[in-house]
Amino acid sequence: MTSTTHLPHLTVEPSILYFGTPVALLSTENADGTFNLAPMSSAWALGRTVVLGLGADGQSARNLAARPDVVVSLPGPGQWEAVERLAPLTGRDPVPASKPRGCRYEPDKFGAAGLTPQPSVAVRPPRVAECPLQLEARAVDVRPDAGGAFLIVETSVLEVHATADIVVPGTDHIDPVAWSPLVYNFRHYFGLGPQLGHTYRSETARSAAAVRG
């Protein structure tokens with residue numbers, strides 16, 4: 001019989017609860033027709049709906065409240081330094097008081113991060129060319145959270161783009177062995193480790209095995 005050792009739990013008060021979520025880069029349209037690019041780590045998907053959590057004072061939130069088009073570009077671990085170059089920048093001028101100390105206004109976020117805008121198919125904001133996975137979407141509901149400090153944005157995904165090396169050949173499936181998101185884990189960047197297994201609903205396990213076999 002296998003014995004299980006339970007470690008003691010501590011009751012703690014962490015300053016943040018980013019317990020390991022993928023990083024996303026949001027492209028949105030400014031009022032003057034230029035584009036803002038911002039990193040975020042509060043996004044989750046349900047079918048073709050992607051829900052975003054944004055600071056209410058940020059330029060992305062302001063843009064999506066007025067212009068619903070958005071691109072959610074998902075970087076891999078190799079893009080973490082570009083993401084970090086974006087972290088202290090804001091598209092708001094003057095810089096909102098709610099922004100962390102050291103945050104500065106930057107109108108050209110793509111240039112400052114060393115990233116390349118790539119034309120989209122269904123929406124106006126550009127994709128991030130360096131990101132292996134890109135979701136063109138449109139906001140269908142924008143509302144404040146219960147405390148008023150954040151916006152909860154429900155988006156409907158219109159187009160999905162993926163680099164060929166992360167797609168199972170001959171299918172529309174993203175290969176989870178080939179694709180690794182950049183993960184934001186309590187303000188540190190990580191990639192994924194080796195695969196541990198798959199769920200009984202997985203379609204890629206069979207299709208990827210057939211291709212490799």
Side-chain angles (χ1 to χ4, degrees), residues 16-18 21-76 79 82-83 86-87 89-96 98-100 103 105-113 115-162 172 174 179 181-184:
I16 53 168
L17 294 177
Y18 292 111
T21 53
V23 174
L25 298 179
L26 297 189
S27 309
T28 56
E29 185 177 1
N30 298 317
D32 62 1
T34 61
F35 300 105
N36 187 61
L37 182 66
M40 55 93 69
S41 54
S42 298
W44 60 278
L46 184 63
R48 299 284 292 191
T49 297
V50 172
V51 182
L52 310 173
L54 304 171
D57 289 338
Q59 186 67 16
S60 296
R62 172 174 285 193
N63 285 347
L64 285 172
R67 290 164 295 281
D69 286 0
V70 60
V71 178
V72 182
S73 295
L74 297 162
Q79 282 88 49
V83 172
L86 284 170
L89 307 180
T90 179
R92 290 285 305 276
D93 185 22
V95 176
S98 61
K99 290 290 185 179
C103 187
Y105 170 64
E106 173 55 63
D108 180 14
K109 298 280 201 71
F110 277 93
L115 296 170
T116 310
Q118 181 179 15
S120 294
V121 174
V123 297
R124 282 184 47 78
R127 298 174 276 159
V128 178
E130 289 80 3
C131 289
L133 193 57
Q134 308 156 335
L135 314 178
E136 297 184 30
R138 184 162 290 131
V140 294
D141 187 61
V142 181
R143 63 186 182 276
D145 79 315
F150 301 96
L151 285 189
I152 298 172
V153 182
E154 291 185 34
T155 71
S156 178
V157 174
L158 307 175
E159 300 282 349
V160 178
H161 309 276
D172 288 315
I174 304 299
W179 161 239
L182 177 62
V183 173
Y184 192 61

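These figures come from a predicted structure and were not determined experimentally.
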Peer 1: With heavy-atom distances below 4.5 Å as the criterion, would you say the side chains of V123 and V71 are in contact?
Peer 2: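 Counting from C-beta outward, V123 and V71 do come under 4.5 Å.
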
Peer 1: Indicate whether the side chain of Q134 and that of Q118 have a donor and an acceptor atom separated by less than 3.5 Å.
Peer 2: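 Q134 vs Q118: donor-acceptor pair found between side chains.
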
Peer 1: So does D69 pair up with R138, basic N to acidic O under 4.0 Å?
Peer 2: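 Between R138 and D69 there is a salt bridge, with a charged N closer than 4.0 Å to a carboxylate O.
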
Peer 1: What I want to check is whether the side chains of E136 and H161 have a donor and an acceptor closer together than 3.5 Å.
Peer 2: yes

Peer 1: Using every non-hydrogen atom in the two residues, find where A56 and A61 come nearest and quote the distance to one decimal.
Peer 2: O-CB, 3.9 Å

Peer 1: Just wondering, do L133 and V160 contact through their side chains at under 4.5 Å, heavy atoms?
Peer 2: yes

Peer 1: Can a donor-acceptor pair be found, under 3.5 Å and without considering hydrogens, that links the side chain of T155 to the backbone of A139?
Peer 2: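 Here the side-chain-to-backbone pair does not exist.
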
Peer 1: Should V121 and L158 count as side-chain neighbours, where that means a heavy-atom distance under 4.5 Å?
Peer 2: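 Answer no - side chains too far apart.
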
Peer 1: Distance check, rounded to the nearest 0.5 Å: T49 atom OG1 versus E154 atom CD?
Peer 2: 6.5 Å

Peer 1: I'd like to know whether L26 forms a side-chain contact (heavy atoms from CB on, under 4.5 Å) with L52, so could you lay out the CA-CA distance, the side-chain angles of the two residues, the decisive distance to 0.1 Å, and finally the verdict.
Peer 2: CA-CA 10 Å; L26 297 189; L52 310 173; 4.0 Å; yes

Peer 1: May I ask you to test the L74-V23 pair for a side-chain heavy-atom distance under 4.5 Å?
Peer 2: no

Peer 1: Given side chains that start at C-beta, do those of V50 and V153 come closer than 4.5 Å, heavy atoms only?
Peer 2: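 Not in contact.
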
Peer 1: Please say whether more than 12 non-hydrogen atoms of neighbouring residues, nucleotides or ligands are located less than 6.0 Å from CG in D32.
Peer 2: yes

Peer 1: Under a 3.5 Å threshold, yes or no: a donor from one side chain and an acceptor from the other, between T116 and E130?
Peer 2: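 Yes, a side-chain donor-acceptor pair sits under 3.5 Å.
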
Peer 1: Show the nearest heavy-atom pair for residues A113 and L86, with the distance to one decimal.
Peer 2: CB-CG, 3.6 Å

Peer 1: Restricting to non-hydrogen atoms, name the atom on S42 and the atom on Y18 that form the minimum distance, rounded to 0.1 Å.
Peer 2: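 Smallest interatomic distance, heavy atoms only, reads OG-CE2, 3.3 Å.
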
Peer 1: How many angstroms lie between OG in S156 and CZ in R48, if you round to the nearest 0.5 Å?
Peer 2: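 Between S156 OG and R48 CZ, I get 7.5 Å after rounding to 0.5 Å.
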
Peer 1: Are P117 and F35 close enough that some pair of their side-chain heavy atoms sits under 4.5 Å apart?
Peer 2: no

Peer 1: Hey, is the main chain of P126 close enough, under 3.5 Å, to the side chain of S27 for a donor-acceptor pair?
Peer 2: yes

Peer 1: List the steps, then state whether side-chain contact (heavy atoms from CB on, under 4.5 Å) holds for L46 with V51.
Peer 2: CA-CA 8 Å; L46 184 63; V51 182; 6.0 Å; no

Peer 1: If you draw a 6.0 Å radius around CZ in F110, do more than 12 non-hydrogen atoms from other residues or ligands fall strictly inside?
Peer 2: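 Count over threshold, so yes.
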
Peer 1: Please name the pair of heavy atoms, one in R124 and one in G33, separated by the smallest distance, quoted to 0.1 Å.
Peer 2: NH2-O, 3.9 Å

Peer 1: For a side-chain contact (heavy atoms from CB on, under 4.5 Å) check, start with the C-alpha distance between L151 and L64, then their side-chain angles and the critical distance, and finish with the verdict.
Peer 2: CA-CA 10 Å; L151 285 189; L64 285 172; over 6 Å; no

Peer 1: Only one of L54, L37, V70 forms a side-chain contact (heavy atoms from CB on, under 4.5 Å) with T28, so which one is it?
Peer 2: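 So the option named by the test is V70.
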
Peer 1: Compare every heavy atom of P119 with every heavy atom of R127, then report the nearest pair and how far apart it is.
Peer 2: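 Closest heavy-atom pair between R127 and P119: NH2-O, 2.7 Å.
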
Peer 1: Looking only at atom types and distance, does a side-chain atom of T21 sit under 3.5 Å from a main-chain N or O of S41, one as donor and one as acceptor?
Peer 2: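 Pair found, side chain donor or acceptor close to backbone of S41.
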
Peer 1: Would a 4.5 Å heavy-atom cut-off, applied to side chains only, mark K109 and N36 as touching?
Peer 2: yes

Peer 1: Taking F150's backbone N and O only, do any of them form a donor-acceptor pair with D145's side chain (distance below 3.5 Å, no angle check)?
Peer 2: yes

Peer 1: Ignoring hydrogens and angles, state whether a donor on the side chain of N30 or N63 is under 3.5 Å from an acceptor on the partner side chain.
Peer 2: yes

Peer 1: Donor-acceptor check, side chain of R92 to backbone of Q59, threshold 3.5 angstrom: yes or no?
Peer 2: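 No, R92 side chain to Q59 backbone: no donor-acceptor pair under 3.5 Å.
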
Peer 1: Can you name the nearest heavy-atom pair linking V72 to A24, along with the distance?
Peer 2: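 Minimum heavy-atom contact is CG1-CB, 3.8 Å.
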
Peer 1: Do V83 and L25 have side chains that approach each other closer than 4.5 Å (heavy atoms only, starting at C-beta)?
Peer 2: yes

